[in-house]
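These numbers were taken from a predicted model, which means no experiment stands behind them.
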Amino acid sequence: MARPKKIYTKKGDGKVHEKKPKSKKPNVRLFQPGVMLGYRRAKKSTNPHHSLIAIKGVTSRKDTRFYMGKRCLYLFKATKKVAGPKCRQQPHLKSNVRRIWGRIRAPHGKSGVVKAVFKPNLPGQAMGKKIRVYLYPSSILFCPPPRNVAKKKKKKKNSALI
């Protein structure tokens, strides 16, 4: 097994010091990336209340069950900096980043696309742009029990047959 290479650096004191390699932290991402495809629509009319989102790694209707009820976020930059909730006390927190929150409501078709409802509705400029699908609220604790496990019913004794 090869040893890691030692790196030496000079500091202001004139001595040569061994530089410790930085430990790589794991990349933790609390969201799954997605793309807004467009609005739910018919042949001639569109419904901007429902946005269609393609989530990375989701390719079937069965895969979309995990994402039902999850929150999603559209981030975009505006030109004007606006105060957030704590900006009266700390005016340096003004930001030009805006966000629109939504929730995944239903699958759309068989290819893993989902319908999401945002409040307010997503603008038309969001088509083709990135959406973050967060992994909460978690539905792991509230999953129904497996169907093959059936509860045993107790038989009542019929006293009339004696």
Side-chain angles (χ1 to χ4, degrees), residues 1-2 4-5 7 19-153:
M1 204 162 90
K5 198 174 186 181
I7 301 169
K19 189 176 181 181
K20 295 177 183 175
K22 292 181 180 178
S23 63
K24 264 196 167 180
K25 294 181 180 177
N27 189 9
V28 178
R29 187 180 68 204
L30 297 176
F31 64 89
Q32 187 71 2
V35 176
M36 190 230 182
L37 302 176
Y39 300 121
R40 180 179 152 211
R41 56 173 296 165
K43 187 176 180 182
K44 293 183 180 178
S45 61
T46 60
N47 184 0
H49 185 61
H50 292 276
S51 303
L52 301 179
I53 298 174
I55 304 170
K56 182 180 178 182
V58 179
T59 55
S60 69
R61 192 179 184 101
K62 189 177 181 182
D63 296 342
T64 62
R65 268 189 73 208
F66 174 76
Y67 292 97
M68 291 303 118
K70 300 282 191 276
R71 300 200 55 197
C72 41
L73 175 69
Y74 171 61
L75 281 173
F76 62 99
K77 285 190 177 181
T79 54
K80 189 176 179 182
K81 288 194 172 187
V82 175
K86 295 183 180 179
C87 283
R88 280 193 180 171
Q89 296 88 3
Q90 300 168 338
H92 65 278
L93 292 178
K94 286 186 177 182
S95 174
N96 62 345
V97 176
R98 309 270 202 282
R99 55 201 164 272
I100 300 176
W101 284 97
R103 196 174 289 269
I104 294 177
R105 291 296 182 200
H108 179 80
K110 296 180 181 177
S111 61
V113 177
V114 294
K115 292 179 209 168
V117 177
F118 286 83
K119 192 172 184 181
N121 296 337
L122 287 183
Q125 294 106 326
M127 287 188 200
K129 300 283 175 60
K130 292 180 182 177
I131 302 282
R132 292 179 174 188
V133 179
Y134 283 90
L135 302 178
Y136 58 83
S138 176
S139 59
I140 294 172
L141 297 175
F142 305 109
C143 285
R147 292 186 180 189
N148 58 0
V149 178
K151 293 181 180 178
K152 294 181 179 179
K153 294 181 180 179

Drop me the distance from [X]'s [atom1] to [Y]'s [atom2], to the nearest 0.5 angstrom.
X	Y	atom1	atom2	value
Leu73	Ile131	CG	CD1	8.0 Å
Arg61	Lys110	CZ	NZ	8.5 Å
Ile104	Phe66	CD1	CZ	10.0 Å
Arg40	Lys115	CZ	NZ	4.5 Å
Ile55	Asp63	CD1	CG	10.0 Å
Ser51	His108	OG	NE2	11.5 Å

Practice problem: Assess whether atom CZ of Arg99 is packed by more than 12 heavy atoms of other residues, nucleotides or ligands within 6.0 Å. | Solution: no
Exercise. Check the pair Phe118, Cys72 against side chain to side chain contact (heavy atoms under 4.5 Å, CB included), reporting the backbone distance first and the verdict last.
Key: CA-CA 8 Å; Phe118 286 83; Cys72 41; 3.6 Å; yes
Work out which heavy atom in [X] is nearest to a heavy atom in [Y]; give both atom names and the distance.
X	Y	answer
Ile100	Pro120	CG2-O, 3.3 Å
Pro137	Arg71	CD-CG, 3.9 Å
Gly112	Val58	O-CG1, 3.5 Å

Quiz item: Taking side chain as C-beta onward, heavy atoms only, is Arg41 less than 4.5 Å from Leu52?
Solution: no
Under a 3.5 Å distance rule, please check whether [X] uses its side chain to pair with a backbone N or O of [Y] as donor and acceptor.
X	Y	result
Arg103	Val117	no
Gln32	Lys56	yes
Asn96	Ala78	yes
Tyr39	Leu122	yes
Arg65	Tyr67	no

Quiz item: Which residue pairs pass the side-chain hydrogen bond (donor to acceptor under 3.5 Å, both in side chains) test when at least one of the two sits in residues 125-134, sequence neighbours left out?
Solution: Arg132-Tyr134
Quiz item: Residues two or more places apart in sequence or in another chain: which of them pass side-chain hydrogen bond (donor to acceptor under 3.5 Å, both in side chains) with Thr59?
Solution: none
